[in-house]
Protein chains: 2
Amino acid sequence: MSAEERREAVVRAALAEFARGGYVGTSTGAIARRVGVSQPYLFRLFPDKRAIFLAAAARCCEQIRARLADASDGLPPDEAAGAMGEAYAQLTADREQLLFQMQMYAAAGVAEESGDHDFAEQLRRSWGEIWDLVHLRLGADDGRTVGFMGQGMLINAFLALNLPPGHRSWQACGAAPDGG
Amino acid sequence: MSAEERREAVVRAALAEFARGGYVGTSTGAIARRVGVSQPYLFRLFPDKRAIFLAAAARCCEQIRARLADASDGLPPDEAAGAMGEAYAQLTADREQLLFQMQMYAAAGVAEESGDHDFAEQLRRSWGEIWDLVHLRLGADDGRTVGFMGQGMLINAFLALNLPPGHRSWQACGAAPDGG
DNA sequence: GGACTAAGTTATTGACCAATCACTCACTGG
DNA sequence: CCAGTGAGTGATTGGTCAATAACTTAGTCC
């Protein structure tokens with residue numbers, strides 16, 4: 001297997017492991033084991049642990065953006081909101097995606113706090129791309145964009161807390177966790 | 001100093017340290033140093049590291065609830081929204097509060113994933129209390145409640161990412177990071 | 001002044017982890 | 001057949017960390 005293919009496998013494995021353990025709580029050994037490769041070999045493919053996390057973060061953001069873009073492609077603003085909401089619900093039904101996203105925000109804060117500004121900078125760029133896409137597809141309406149993104153973040157919190165289906169918070173949203 | 005007073009000091013120190021390092025990334029030694037006490041003594045005051053984090057999490061949630069309650073006390077729904085928004089902005093201007101909150105969501109996910117359901121259960125209860133308070137003060141209007149809480153979560157993300165003041169996301173919210 | 005209690009410490013242990021180094025193995029071109 | 005290259009491993013190292021155990025004060029009550 002070529003180094004490039006291995007790197008791809010590492011990014012997928014890292015997403016899964018970091019989602020379940022966070023940045024510090026995940027060992028490079030665990031990632032290597034999931035890839036099926038020795039731990040030191042990771043450091044031939046990436047300079048260090050941080051780079052692996054960053055690659056996974058980029059992947060996570062890009063998946064979100066791509067899904068929202070696909071779901072709303074060519075739709076008028078009125079229909080785009082529902083379509084993107086549905087797409088986002090499907091995406092976050094994958095707990096791996098959801099938990100990694102939460103870890104990303106937390107890790108960004110830690111990184112900023114410890115002087116690593118490049119980390120959050122990468123996330124800010126990705127966030128901007130998602131924001132702009134949503135804004136465009138919702139007819140460049142600030143209110144709608146804030147509402148959509150806010151509800152997305154709210155759902156993230158519900159899912160992270162494992163709020164049971166039928167909880168008053170879910171009902172107020174007119175939504176429920178997506179079972180599949 | 002009595003054990004109870006020490007425990008209080010530990011909770012405050014833990015909030016500060018966990019905010020900057022996350023659950024796994026913060027050593028009990030760092031907390032002890034901030035309290036001005038030996039590391040092993042923490043384990044006389046709390047059964048383990050997890051219990052310290054849980055106590056800090058309870059404190060964090062209670063501070064949010066209390067601030068929102070104070071700010072909106074006796075106000076009609078129309079004014080309560082603005083008042084609570086202002087209060088929340090002030091609270092999260094304290095980066096310690098904000099970052100700890102993000103760590104809390106991330107840690108809840110990790111805990112659930114690893115079979116520790118009590119952790120998230122405590123947070124769900126606290127979340128429910130905050131939700132009910134906001135719902136009540138906003139005139140029991142689901143739409144408003146979702147809007148308010150969603151915008152709160154959105155602002156959390158902005159702050160965690162250190163989105164610069166004046167960023168289009170901040171402008172769309174009609175808000176800006178609270179400097180003091 | 002001695003027995004008791006509660007606050008606090010030093011020393012230690014057993015485990016884990018990121019990263020480095022030196023090495024093996026399989027393949028390919030000349 | 002051999003020199004070179006790229007994939008991959010085993011062993012190690014220096015460091016950190018949660019938790020335990022055993023010890024030391026300092027006060028208080030009788």
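Just so we're on the same page: letters track the sequence lines, and every chain starts at 1.
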message: Less than 3.5 Å apart, any donor N or O on the side chain of B/Tyr88 or B/Asp178 sitting next to an acceptor on the other?
response: no
task: Quickly work out the B/Tyr41 OH to D/dA19 P distance and round it to whole Å.
output: 17 Å
field: Shortest side-chain distance from B/Phe43, nucleotide among C/dA18, D/dC17, D/dT20
entry: D/dT20
Could you list all N or O pairs between the protein and nucleotides 21-24 of chain D that sit under 3.5 Å apart?
| unit_1 | atom_1 | unit_2 | atom_2 | d |
| --- | --- | --- | --- | --- |
| D/dA22 | N6 | B/Arg44 | NH2 | 2.9 |

- prompt: B/Arg20 and A/Val110: which non-hydrogen atoms are nearest, and at how many Å?
  reply: O-CG1, 3.5 Å
query: So, the side chain of B/Arg124 versus the backbone of A/Leu163: is there a donor-acceptor pair under 3.5 Å, distance only?
result: no
field: Between C1' of D/dG10 and CG of A/Leu42, the distance in whole Å
entry: 15 Å
query: Closest to the B/Ser27 side chain: D/dG8, C/dG8, D/dA18?
result: D/dA18
- line: Winner on side-chain proximity to A/Gln39, out of D/dT9, D/dA19, C/dA19, is C/dA19
field: Whole-Å distance separating the CD atom of B/Glu17 from the P atom of D/dC17
entry: 11 Å
- prompt: Are the charged groups of A/Arg144 and A/Asp78 less than 4.0 angstrom apart, N to O?
  reply: yes
message: Please report the distance, rounded to the nearest Å, between CG in B/Leu45 and P in D/dA18.
response: 16 Å
statement: Taken to the nearest whole Å, CZ/B/Phe53 to P/D/dA18 is 13 Å
- request: Would you classify B/Ser38 as touching base, sugar-phosphate or nothing, given that sugar-phosphate means primed atoms plus P, OP1 and OP2, and contacts are heavy atoms under 4.0 Å?
  value: base
message: Any side-chain N or O of B/Arg6 below 4.0 angstrom from OP1/OP2 of C/dA7?
response: no
query: Using a distance-only test with no angle check, is there a side-chain donor-acceptor pair under 3.5 angstrom linking A/Glu86 and A/Gln90?
result: yes
- line: Closest to the side chain of B/Thr28, out of C/dA18, D/dA18, C/dT9, is D/dA18
field: Atom pair distance, as rounded to whole Å: OH in B/Tyr23 and C1' in D/dA18
entry: 9 Å
query: Hey, what's the ring geometry for A/Phe53 with A/Phe119, parallel, tilted or perpendicular (30° and 60° as the breaks)?
result: tilted
field: Euclidean distance, atom CD1 of residue A/Ile52 to atom C1' of C/dA18 [Å, nearest integer]
entry: 10 Å
statement: One should read off an interatomic distance between B/Glu17 CD and B/Thr28 OG1, to the nearest 0.5 angstrom, of 11.0 Å
- request: Take the protein atom CZ of B/Arg33 and the nucleotide atom P of C/dT10, then report the distance between them rounded to whole Å.
  value: 13 Å
